[in-house]
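Heads up: the structure comes next, in structure tokens.
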Amino acid sequence: MAEPPARIKEIEHTADLGCEITAVDLPALFAASGDALFALIADRQKVEMHNEVVVSAAGNGPEELLHAWLCELLAQFNINGFVAKSCAVDRLAADRVDGRIRGEKLDLARHAFHTEIKGVTYHDFKVWEEDGLWHARIIFDV
Amino acid sequence: MRTSLVFEEVKDELPRIVDTLFSLIPAGVGSEGAIPKLSMQDEKRLLRDGARWAVSEGYGRQEDLAFMEEEGRLLTADADLLSDRALERGLRQVGTLGSGNHFLEIGRVEEIYLPRAADTFELFPDQLVVLIHTGSRGLGYQICEDSLRVMNKAMAKYGISLPDRQLACTPIQSPEGQHYLASMAAAANYAWVNRQVIMSQAEKAFTRALNVSPKELGFSLVYDVCHNIAKFEDHVVDGEKRRLCVHRKGATRAFAPGHTQIPAAYREIGQPVLIPGDMGRYSYLLVGTETAMEKTFGSTCHGAGRVMSRTQSKKQSQNFNIDQEMARRGVVARYQGRGTMAEEMPHAYKDVADVVETMDLAGVSKRVARFRPVGVIKG
């Protein structure tokens, strides 16, 4: 039986943008968190998966690791203008994550841009397991 | 910035002016930039020299420097402390507005409260003015992120424990504190360069759209002031002069008449304070006071502040056409991201008139002029 898809819910925050992500396991949570990040930046409907970028991040424990992973993904946009249509995690250890993102460079003529995300804040940043599911709460600085 | 233009005489040209501004001043989202990608050497020079670098590269004029807080440069900046990622993020973003709550606004002088101060700042009724609200872009945020990582690890050795890791800190005199201050100063210098380049691009946009010479346009800087910076200043505490680190976050310096750090041309009147509004109702120019020196370490407000979350604002914006709503308010608006614009619509903000009136009544700054937005570009 196929795994249920991850859930991404936008949450209220006065000055920034926040999401709560729910997934069946940690790799799925990391992948879905990446998807949430890029979905806030641009409408990904017309983003083509022309390119693949390998991304790795290091950190101690799921929280630090998810934060580092998102920072690495965001750097792909902030430095190279890359918008991922899909994020995948290949390997997840206690202190390291390796994955791949597929997409293309933002083209303002073709893609509807939503908002620029400056960073992934530590404010209220949480990763937790509950009722057999993994959850993350993330506030992005815009 | 002030211009020699009178709103009534150029109002029909506003769409062309706004379009030209939009084409010459990118939001800088992703990797587009207003000026060619810098070399690392150039970037380090601008991080050291601030607005002076921009002037030396042909953006703006030497006389602008006198009308900037700290003359557009913090001498304590050390670009060598910045991470490769911070430098990389800064390479292409000079001269870009950014997204979020940053914008460029053309306003017309709608009301003058203090005629003498307005005269000193060379403002007159119905004049077109331009306000730029942006800062150190991704480079500044990366410095924040890099420093948070360092400080979160270091806090324990200073016996500091905080409920939120985003509030990480260390003592000012600690190696981590000193490292941060020198990095932050580099970000401040970057922000001055960014605004200086945008100002120069804005002048170019006006001359091009109206087919006038720079002299006819009369584009010049009224003042450039920060609202997110920590600096060492002398203040009187309990009757004694003390050297303090004043951190103004969402606050603006508002020094009283006579202060030596106010440009000579304005010294008798006080330091100008720029208050960007909500892009729909009004923005303000205030002036610093002695009360601010006594009560708020020479500080006043920065802007309106949000009354609604971004999510709420977006929901509310679904009920109308953004362009029509801005047009109804008399504003020609061009923007890159509909999402950001929906989050940043005037309804998401408090009425900035109430905020500046409160500051005025408290005496920490006085209203000089109110500007009505007539054109806006944003990321």
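Values in this document were obtained by computation on a predicted structure and should not be read as measured data. Every chain is numbered from 1 and lettered A, B, ... according to where its sequence line falls, protein lines coming before strand lines.
Within 6.0 Å of atom CG in B:Asp354, more than 12 heavy atoms from other residues, nucleotides or ligands are found, so the atom counts as buried in its surroundings.
Heavy-atom distances place no part of B:Asn101 under 4.5 Å from chain A, backbone and side chain included. Using a 4.5 Å cut-off between heavy atoms, A:Ile11 touches chain B through its backbone atoms (N, CA, C, O) alone. For B:Lys315, the part lying near chain A is the side chain, with the backbone staying farther off; criterion is any non-hydrogen pair under 4.5 Å. Only the backbone of A:Val120 has a heavy atom closer than 4.5 Å to any heavy atom of chain B. Heavy-atom distances place the side chain of B:Lys314, and not its backbone, under 4.5 Å from chain A. Using a 4.5 Å cut-off between heavy atoms, A:Asp43 does not touch chain B at all.
Among B:Met341, B:Gln312, B:Arg89, the residue making the largest number of heavy-atom pairs under 4.5 Å with chain A is B:Arg89. Per-residue heavy-atom pair counts under 4.5 Å with chain A were compared for B:Ser99, B:Gly140, B:Gly138, and the maximum is reached by B:Ser99. Ranked by heavy-atom pairs under 4.5 Å with chain B, the list A:Leu40, A:Asp124, A:Asp16 is led by A:Asp16. Between chain A and the options B:Gln142, B:His102, B:Met308, B:Arg149, the largest number of non-hydrogen pairs under 4.5 Å is found for B:Arg149.
For A:Glu72 and B:Arg85, the salt-bridge test passes: some basic side-chain N is under 4.0 Å from an acidic carboxylate O. A salt bridge links B:Arg137 with A:Glu116: at least one charged nitrogen is closer than 4.0 Å to a carboxylate oxygen. Taking a cutoff of 4.0 Å between a charged side-chain nitrogen and a carboxylate oxygen, B:Arg165 and A:Glu63 qualify as a salt bridge.
Listed in order of number, the residues of residues 344-351 of chain B that approach chain A to under 4.5 Å between heavy atoms amount to none.
The salt bridge (charged side-chain N to carboxylate O under 4.0 Å, His left out) check on B:Arg338 picks up nothing, with sequence neighbours excluded.
A:Asn80 contributes atom CG, which lies 8.0 Å from atom CZ of B:Arg92 (distance to the nearest 0.5 angstrom). Atoms CD and CG, from B:Gln336 and A:Leu106 in turn, are 8.5 Å apart once rounded to the nearest 0.5 Å. For the atom pair B:Asp164 CG and A:Thr121 OG1, the distance stands at 7.5 Å (nearest 0.5 Å).
Considering only heavy atoms from C-beta on, B:Thr340 stays 4.5 Å or farther from A:Val142 through its side chain.
Contact between B:Tyr141 and A:Asp141 at its shortest, heavy atoms only, is CE1-OD2, 3.2 Å.
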